[in-house]
Amino acid sequence: MTRYERYVEALDAIKEATKWELTDDFRRLMAIHYAIHDTPFDASRFSDARDALKQKTKIFSKFRGSQNLVWLSFLDAKYEDIGTAIDEALRLDTLLDRKHFRFSSLRPFLANQLINVDHPEQRLDEATDLYQTFKQHHPWLTSEEDLLSALVLVQAFDDIIDLNERIEQHYTLLKDRLPKSNELQLVSHLLTFSDSSPEEAVSRLLTWKSHLEEVEVSIRREHLPALALLSIVTEPNMDSIHAVKEIVDVEKDKQRWFNTHSVLVALQLVAADHITTGEANDLLLHGTFAHLLAMQQAMTAATTAAVIASTTSTN
């Protein structure tokens with residue numbers, strides 16, 4: 001079974017298990033988790049996990065709500081013992097009652113990021129400092145999604161001063177070629193995981209963008225973080241370009257209108273195909289690639305929730 005076939009299988013099963021509860025935007029995010037981890041979606045197991053979560057949280061908990069089924073699917077896809085993973089996430093969430101983190105809608109994802117982390121409170125202190133640096137450098141672009149970004153980065157890099165310099169080098173190069181945006185700031189964070197120089201990493205990202213647009217795969221602002229992930233794990237090549245194009249075309253045929261999701265799905269699934277080979281192997285071994293995907297998924301889920309809430313309020 002190909003990774004895309006696993007995605008389609010999971011999406012169909014998730015649709016059946018979440019009738020009237022979710023829009024397809026959220027279901028696709030959930031299905032991508034199962035495809036990335038090459039794990040089948042088990043409706044009975046997922047239902048049991050939802051029931052367990054309800055019993056362990058209060059009605060207004062940030063772990064409740066339909067959009068947090070995306071969070072729960074990440075745990076379900078990644079951990080064999082989902083009950084223990086839920087307990088650990090809820091325990092670690094108690095550490096997030098602090099400035100910046102307390103009211104974040106992404107608290108479940110932030111708690112996930114602390115699972116199996118040594119000295120989690122120290123990491124939160126470091127992430128807070130890094131987040132405040134983001135706010136100093138880019139006050140109008142920095143938002144709560146950058147809290148998760150900061151938490152990922154401080155776990156991967158010891159020298160925060162050097163990290164900040166690299167991020168700014170990437171961002172300076174990017175903003176000269178692409179419009180400023182929250183997504184572009186996230187791209188500058190992601191590209192720090194590349195072993196290449198900032199110039200080479202940005203050039204590779206732009207080359208990927210150019211090649212995909214040559215085969216009529218349009219890269220919009222919201223696709224840039226996923227494209228950054230793909231550019232980290234593989235250079236542009238005809239096989240990967242055609243793989244992205246093939247998934248995009250199949251998804252477009254299924255839904256001829258409102259199909260911008262097709263590019264996001266394709267980029268992430270093709271990137272996942274490279275996580276066990278070559279330079280991507282280190283990212284997989286340290287769990288970084290999976291967390292980066294979760295970070296990007298969290299941002300997309302939060303954005304989708306905001307759009308839905310806005311649409312509801314205007315109707």
Side-chain angles (χ1 to χ4, degrees), residues 1-19 21-50 66-82 85 109 112 212 217 223 225-227 229-234 237 239-255 259-278 280-281 283-285 287-301 304:
M1 179 179 289
T2 67
R3 202 171 299 273
Y4 179 67
E5 289 170 341
R6 173 71 76 192
Y7 163 80
V8 172
E9 177 189 70
L11 181 59
D12 289 343
I14 290 166
K15 286 181 178 179
E16 183 66 25
T18 59
K19 288 181 177 178
E21 291 185 85
L22 294 172
T23 66
D24 281 348
D25 298 300
F26 287 105
R27 292 182 181 125
R28 292 187 193 100
L29 297 178
M30 294 170 67
I32 288 175
H33 287 148
Y34 293 97
I36 287 171
H37 292 284
D38 197 25
T39 302
F41 174 80
D42 184 326
S44 177
R45 170 184 152 103
F46 192 74
S47 177
D48 289 344
R50 292 182 65 181
S66 59
Q67 70 269 22
N68 281 318
L69 294 183
V70 177
W71 163 78
L72 188 60
S73 72
F74 176 80
L75 259 64
D76 188 35
K78 185 176 181 182
Y79 296 103
E80 184 175 348
D81 185 350
I82 187 172
F109 289 93
N112 277 11
L212 288 173
V217 175
H223 302 140
L227 183 62
L229 292 174
L230 180 59
S231 73
I232 290 169
V233 299
T234 183
N237 60 79
D239 288 342
S240 295
I241 292 168
H242 288 152
V244 172
K245 172 67 171 173
E246 184 177 4
I247 293 174
V248 169
D249 288 346
V250 171
E251 286 292 295
K252 282 185 176 180
D253 286 342
K254 291 180 180 178
Q255 187 172 349
N259 52 37
T260 58
H261 73 274
S262 61
V263 178
L264 184 62
V265 170
L267 293 173
Q268 293 189 101
L269 294 185
V270 174
D273 278 333
H274 290 274
I275 64 177
T276 57
T277 60
N281 194 44
L283 295 177
L284 176 64
L285 291 176
T288 304
F289 189 88
H291 287 312
L292 287 174
L293 284 168
M295 178 174 62
Q296 197 269 323
Q297 297 285 346
M299 183 186 70
T300 305
T304 303

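FYI, side chains are in, hydrogens and waters are out, and symmetry mates aren't considered; it's all heavy atoms of this structure.
With rounding to the nearest 0.5 Å, the separation of NE2 in H261 from NZ in K252 is 10.5 Å. The structure places CG of D239 at 5.5 Å from CG of N237, a figure rounded to the nearest 0.5 Å. Considering NZ of K78 and NE2 of H37, their distance stands at 6.0 Å, rounded to 0.5 Å. To the nearest 0.5 Å, atom NE2 of residue H274 and atom CG of residue L229 are 12.5 Å apart. With rounding to the nearest 0.5 angstrom, the CG atom of D273 is 4.5 Å from the CZ atom of R3. Remark: I247 CD1 to L267 CG distance equals 9.0 Å, nearest 0.5 Å.
R50 contributes no side-chain N or O that, together with a main-chain N or O of L72, makes up a donor-acceptor pair within less than 3.5 Å. Using a distance-only test at 3.5 Å, with no hydrogens or angles considered, a donor-acceptor pair links the side chain of S73 to the main chain of V70. Within the 3.5 Å criterion, the main-chain N or O of E5 finds a donor-acceptor partner in the side chain of T2. With hydrogens and angles ignored, the 3.5 Å screen pairs no side-chain donor or acceptor of N68 with any backbone N or O of W71.
Summarising the local packing, CD of E80 is surrounded by 12 or fewer heavy atoms from other residues, nucleotides or ligands at distances under 6.0 Å. In K19, the NZ atom is not crowded: 12 or fewer heavy atoms of neighbouring residues, nucleotides or ligands sit closer than 6.0 Å.
Between I14 and A31, the closest heavy-atom pair is CD1-N, 3.7 Å. Nearest heavy-atom pair, T39 versus A77, reported as atom, atom and distance to 0.1 Å: OG1-O, 3.1 Å. Taking each heavy atom of L69 and L22 in turn, the nearest pair found is CD1-CD1, 3.7 Å. The minimum heavy-atom distance between A271 and V233, with the atom names listed, is O-CG2, 3.9 Å. The heavy-atom pair separating Y34 from P40 by the smallest distance is CD2-O, 4.0 Å. Looking at every heavy atom in both residues, Y79 comes nearest to R45 through O-NH2, 2.7 Å.
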Residue pair E251, Y7: steps toward the side chain to side chain contact (heavy atoms under 4.5 Å, CB included) verdict: CA-CA 11 Å; E251 286 292 295; Y7 163 80; 4.0 Å; yes
Stepwise side chain to side chain contact (heavy atoms under 4.5 Å, CB included) check, V217 with H223: CA-CA 11 Å; V217 175; H223 302 140; over 6 Å; no
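L230 is listed as a side-chain neighbour of V244, based on a closest heavy-atom distance under 4.5 Å. Within the 4.5 Å cutoff, the side chain of L212 has no heavy atoms near those of the V248 side chain. Using a 4.5 Å cut-off on side-chain heavy atoms (C-beta onward), I241 and K245 make no contact. Within the 4.5 Å cutoff, the side chain of F46 has heavy atoms near those of the M30 side chain.
Each of F74, F26, F41 was checked for a ring-ring contact (aromatic ring centres under 6.0 Å, His included) with H33, and the lone residue meeting it is F74.
The residues D24 and R27 are annotated as salt-bridged, a charged nitrogen and a carboxylate oxygen being separated by less than 4.0 angstrom.
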